[in-house]
Protein chains: 4
Amino acid sequence: MARKLNPEQHEAKKQKILAAAHNCFLVHGLQGASISMICKEASMSPGHLYHYFASKDAIIVAMTDEYLKSLHANINAHSESDDTATVLVSELWSMKSWTEVEHCRITFELFAEAARNEKVREIMIANTDKVRQLLIATLRAGQARGDVDASFDPEHTSTVLISLIYAAPMIPLIAPHSNFETSRGLITMMIRKFLKPAA
Amino acid sequence: MARKLNPEQHEAKKQKILAAAHNCFLVHGLQGASISMICKEASMSPGHLYHYFASKDAIIVAMTDEYLKSLHANINAHSESDDTATVLVSELWSMKSWTEVEHCRITFELFAEAARNEKVREIMIANTDKVRQLLIATLRAGQARGDVDASFDPEHTSTVLISLIYAAPMIPLIAPHSNFETSRGLITMMIRKFLKPAA
Amino acid sequence: MARKLNPEQHEAKKQKILAAAHNCFLVHGLQGASISMICKEASMSPGHLYHYFASKDAIIVAMTDEYLKSLHANINAHSESDDTATVLVSELWSMKSWTEVEHCRITFELFAEAARNEKVREIMIANTDKVRQLLIATLRAGQARGDVDASFDPEHTSTVLISLIYAAPMIPLIAPHSNFETSRGLITMMIRKFLKPAA
Amino acid sequence: MARKLNPEQHEAKKQKILAAAHNCFLVHGLQGASISMICKEASMSPGHLYHYFASKDAIIVAMTDEYLKSLHANINAHSESDDTATVLVSELWSMKSWTEVEHCRITFELFAEAARNEKVREIMIANTDKVRQLLIATLRAGQARGDVDASFDPEHTSTVLISLIYAAPMIPLIAPHSNFETSRGLITMMIRKFLKPAA
DNA sequence: TATGAATGAGGGTTCATTCAT
DNA sequence: GATGAATGAACCCTCATTCAT
């Protein structure tokens, strides 16, 4: 009697829920957004939603993974031989204004949640790790080429650089009149000057 | 005889509540921490707590202001003639380990909240502004002395530098095995190399 | 297969809540009756009750409308050609004792609430208006027939007469030993003598 | 050590509280008005208020008595030889508009409360009784003079007439555009025609 | 007299989740 | 697969009242 379920359609529904969840979480916070909110946003009944995710926490976890994957897609598209700074700020250079940066504010929710939710933390670590491995490779290549200060430990350097990128969405919140392009230029220049070998 | 109002004791109670709130918010999040939780932490009944603060939101707002003031105390203790990098990382250098950085994670909650709560945003802006004004002054002094790249706009540069500092507590969350001192050293060096006039 | 929405069952639940609410409000007052009380009376959890009504206020408003409709059913069953006094006291003559009048005491709650709650006031006005229109018609017909004093303004007369009917449940409260039938007879006679054209 | 308390000042404070309570109850209802509200209105701390009244219920009871005494003062000022209708509507004729009737709306609260609070009911009965005794005397005198229908039982007639007066504040609530003077004239005429002996 | 600190039960309401259909 | 009825614990907040000063 049990009908064979269509895996593609199943996956599509899950994506719809995760997209709705991202929107709601962005506006109301991870704890402020309710399941019924997400249901409305996804045009779905709560009973049905629980068919796809076992709990709200499972939605948060899945959404975190999904979001970080998409966020890092720009970076991961690069190769090890590319310049570290270019790789790192590639996401930033794909945007045109602070408005486009706004959806990244969900990372504040995620860092706050990561501090107390082990699963979320693990997902952040795992996703960051992929980026870190790429950056470490570009740093090593840069050091080999003499473009990057040879005294830097690639492990630590890559981590600090990543935190710098995650910090960018803070700028319009602490200084609402900051110019987007100027700020982006400064961040990029900061990274470049930092990496350059001492004269 | 009517009992005299004791403003000191009143203020002490408010501080006690704010400290309890900070702890709870840090562990459970701004929305995850409940009033009854804060009451237990502050050894106080809910009715009494509302004698001091009109709402949970008022507690969040007051706690934000209080926390940022204390966080920036190290920075604001400096004078305009001090070196920008030294001023900026002074808070970081007053700590000894990632464990001591942990209470700063509340800033993730605050940035998330600032994105949707106007009062919190205004308080973050106002508190950051004080720091920014000092940094701008140190940058200008540095430029006058020739220590700081003259092409930098002090307004934007100070903002980007502050965001960099706020990002530090992310490091142990995305790379749990990072060494505290190494990371701190890298951040400090990054700022110094960035500010130095091009050769 | 998705379960069909059953509007009848939904409506039945709402009626059950309104009936429970009327009982509770009658005994404890509009503000004295709590949602949890009404839930117990209606054998329903609070979460579920809020599935049917958005707020306690919405329950009060719906209950007011429901109650006034049922209260005026007797009156509205009459036709324009009927005698005004007969129409007006028809509700009263359907009862047998002060005990049966007791459920009308909810009108005291409603008048008190109407004085400060615009929605309740509007509902009372709207429901009274239906009765008033009928009474106005019977008065005009009576004046045409010469049964009713031609000098009376039907608008004002009908309103004063309605207030008189609403006042009846006060009688056992201010004079607990009043005889029900005697009082009812006096009210009816008062109306008849009042309406009769001057000799 | 105990200072002799000044009974006049003590009574003045109680009156101040009762006046504040009347205002609050009128606006927010007996249960909707809080002690702290009344304290603010009376410029008094809760601890002090409880020095004068043992409980909120005691305030309600005392306020009921106070209010009804003042409300009936007009009526009780008359003598037994006065015309019943004139006595009854004397309060109404001391007012100029519906606005002045508004403070009488507290009677709706009181009737609602009387239905469930024995003390309040007793006070309403006792206060009404005084008025009733006077009306009964005027009715008997009228019957003796031949001005009043001899078939009426003065006990019941007086009670019904009093309920009619209490009903007047309902009029602007159920028909907001009613003219005050016209309504008052109709009420007065209704009573006169009712009492007059049949031709 | 007079204050305002302090309580804790209970107010209306929302929530994540389960279940019958 | 899909619905919305149903739960009850927990949410923020207010209340009448008491107590130390």
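Throughout, protein chains are lettered first and strands after them, A, B, ... in sequence-line order, and every chain is numbered starting at 1.
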Practice task
Begin from the C-alpha positions of C:Ile17 and C:Leu49 and carry the test side chain to side chain contact (heavy atoms under 4.5 Å, CB included) through to its verdict.
Solution key: CA-CA 8 Å; C:Ile17 293 169; C:Leu49 183 144; 4.1 Å; yes
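- The nearest heavy atom of DNA chain E to B:Ser45 and to D:Ser45 marks one nucleotide each, and the one closer to the 5' end goes with D:Ser45.
- With rounding to whole Å, A:Ile60 atom CD1 is found 14 Å from E:dC15 atom P.
- The CG-P distance, from D:Leu30 to F:dA16, rounds to 12 Å in whole Å.
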When you compare the protein's N or O atoms with those of nucleotides 9-11 of chain F, which come within less than 3.5 Å of each other, and at what distance?
none

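- Taking only side-chain atoms of A:Met44, from C-beta outward, the nucleotide of F:dT3, F:dC13, E:dT7 with the closest atom is F:dT3.
- Between B:Asn6 atom CG and F:dT21 atom C1' there is a gap of 12 Å when expressed in whole angstrom units.
- Taking the side chain of A:Tyr50 as heavy atoms from C-beta on, and the options E:dT3, E:dT17, F:dA2, the nearest nucleotide is E:dT17.
- Here the side chain of B:Lys14 pairs no donor or acceptor atom with the backbone of B:Gln9 at under 3.5 angstrom.
- Taking atom CG of A:Leu49 as the reference point, atom P of F:dG4 lies 14 Å away to the nearest angstrom.
- Across all strands shown, F:dA20 pairs with E:dT3; the Watson-Crick or G-U wobble distances both stay below 3.5 Å.
- By the 4.0 Å N-to-carboxylate-O rule, C:Arg116 lies close enough to D:Glu109 to be salt-bridged with it.
- Heavy atoms of A:Phe53 sit nowhere under 4.0 angstrom from any nucleic acid atom.
- Going from atom OH of C:Tyr52 over to atom P of F:dG4 covers 12 Å, rounded to whole Å.
- For the side-chain hydrogen bond (donor to acceptor under 3.5 Å, both in side chains) test, no residue two or more places apart in sequence or in another chain qualifies with C:Glu122.
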